[in-house]
Amino acid sequence: MTAPETGLERPKLGEPYLLTPGPLTTSYAVKEAMLRDWGSWDEDFRAMTRELRTSLLSLLGDGSADFDCVPMQGSGSFSVEAMLASFIPRDGKALVLANGAYGMRSAQTLEYLGRAHVVLDKGDYLPPRGDEVAQILADDPDITHVVAIHCETSSGILNPVEEISEATYAAGRKLLIDSMSAFGAIELKVEDIRYEAMVSSANKCIEGVPGFGFIIARKSELEAAKGNSHSLSLDVHAQWAHMNKTGQWRFTPPTHVVAAFLVALRAHKDEGGVAGRGARYTRNRDVMVDGMRELGFEALLKDRWLSPIIVTFFCPDDAKFVFDRFYELMKDKGFIIYPGKLTVVDSFRVGCIGQMDEHVMRQVVAAAKETLDEMGVTSAAPPAIALQERAKLAA
Ligand SMILES: Cc1ncc(COP(=O)(O)O)c(C=O)c1O
């Protein structure tokens, strides 16, 4: 792998860049923080847990005093499940706004939990809009909660959470947000967007390593959540109450992951917080998308809907383009990309998050060009059906 001219250090062990939405490329300092051991009961580790919780809360802006942060062991899905089970009462009913795999996973989670729910399924990527939410809530007075996905990572679309929130609260219901892949790079300030709880995880835009997620919720909802959860280990109220009382996690904490996360959080702050992190990712996206378009690739989404998190491209129509080979050749050049998740047309995804900057993104585009040449692909243009699919979403 050639060293990109980058302001950020490239992976020290020579491993490929992860152009994926988490786990993602982390800094050496983040990884290095995992070299020592911590006692989970010890005051040093309790102080680390306190720092983690207060630093995350501070990202919410001025209204954060009404909220608290509850870290939860496991991957992001564990925290989503914990949030849904803890804040939707057993006799509640949820409206899940789905436009991709993660919306559908929330619906599936509610199915497992035995919570009543309805799904607004917009297919692979079309965004759920405020007026649709308002209509469904007006027609079904039993719905108590709306579940929205902030960035639907399976297509990369940034869903319109502001208008979803307005419609939800105008109808007197409550909003829960899965902001897994967006939080830390896209503002979710409580004075701008009303919601009861949100989740994200360590290995997304804060750029930590995988091992825990976190729920940030209104304190009144945390109080009211007592007894709702079906699960001992995923009970957000119990984790919160225990942490506030003892300063400890209820069960074995991912000590090394927490240590790494604190280094990542400090770097996030030094970069200018959510605004600074979001600006780097936006630049990553713009440089990468412009370059890929110059090569003839077409993105699924018009610019209005493109997140600075991950971008879906249509696979070229050229018969010589085979995704698995494209993937392997890109990996040989030091870049791990991601398969697509669209059901109607073939696609692949390129992530913009992690320890990468625009210099790296230029290298990604150069690697894609070289790879197309090696494969003998003469045009990266997608099939006509892909463009017809894209036309469904007006700019
Ligand atoms: C929006 C969203 N929700 C949920 C998840 C699930 O997280 P995990 O794979 O860590 O369980 C992801 C993972 O990328 C995601 O992007």
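For ligands, and for the atoms within them, numbers begin at 1 and follow the listed sequence.
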> Which pairs, with at least one residue in residues 196-214 and sequence neighbours excluded, count as a salt bridge (charged side-chain N to carboxylate O under 4.0 Å, His left out)?
Replying inline: Glu196-Arg218, Glu207-Arg277, Glu207-Arg280
> Ignoring hydrogens and geometry, is there a side-chain-to-backbone donor-acceptor pair from Arg250 to Ser233 under 3.5 Å?
Replying inline: yes
Would you tabulate the polar-atom pairs, meaning N/O of ligand 1 against N/O of the protein, with distances under 3.5 Å, reported to 0.1 Å?
{"unit_1": "ligand 1", "atom_1": "3 (N)", "unit_2": "Asp178", "atom_2": "OD1", "d": "3.4"}
{"unit_1": "ligand 1", "atom_1": "3 (N)", "unit_2": "Asp178", "atom_2": "OD2", "d": "2.6"}
{"unit_1": "ligand 1", "atom_1": "10 (O)", "unit_2": "Gly76", "atom_2": "N", "d": "2.9"}
{"unit_1": "ligand 1", "atom_1": "11 (O)", "unit_2": "Ser75", "atom_2": "OG", "d": "2.6"}
{"unit_1": "ligand 1", "atom_1": "11 (O)", "unit_2": "Gly76", "atom_2": "N", "d": "3.4"}
{"unit_1": "ligand 1", "atom_1": "11 (O)", "unit_2": "Ser77", "atom_2": "N", "d": "2.8"}
{"unit_1": "ligand 1", "atom_1": "11 (O)", "unit_2": "Ser77", "atom_2": "OG", "d": "2.6"}
{"unit_1": "ligand 1", "atom_1": "14 (O)", "unit_2": "Tyr102", "atom_2": "OH", "d": "3.4"}
{"unit_1": "ligand 1", "atom_1": "14 (O)", "unit_2": "Lys204", "atom_2": "NZ", "d": "2.7"}
{"unit_1": "ligand 1", "atom_1": "16 (O)", "unit_2": "Thr153", "atom_2": "OG1", "d": "2.5"}

> With a 4.0 Å cut-off, would you call Glu374 and Lys320 a salt bridge?
Replying inline: no
>> Test of understanding: with salt bridge (Lys or Arg N to Asp or Glu O under 4.0 Å), list the residues that count as partners of Asp270, not counting sequence neighbours.
In response: none
>> Other members of the hydrophobic cluster containing Ile353, with the 4.5 Å side-chain heavy-atom rule, please.
In response: Leu24, Leu158, Ile186, Tyr281, Ile309, Ile310, Tyr338
> Within 45 degrees of the axis of the six-membered ring of Tyr17 and under 6.0 Å from its centre: does Lys331 put its NZ or CZ there?
Replying inline: no
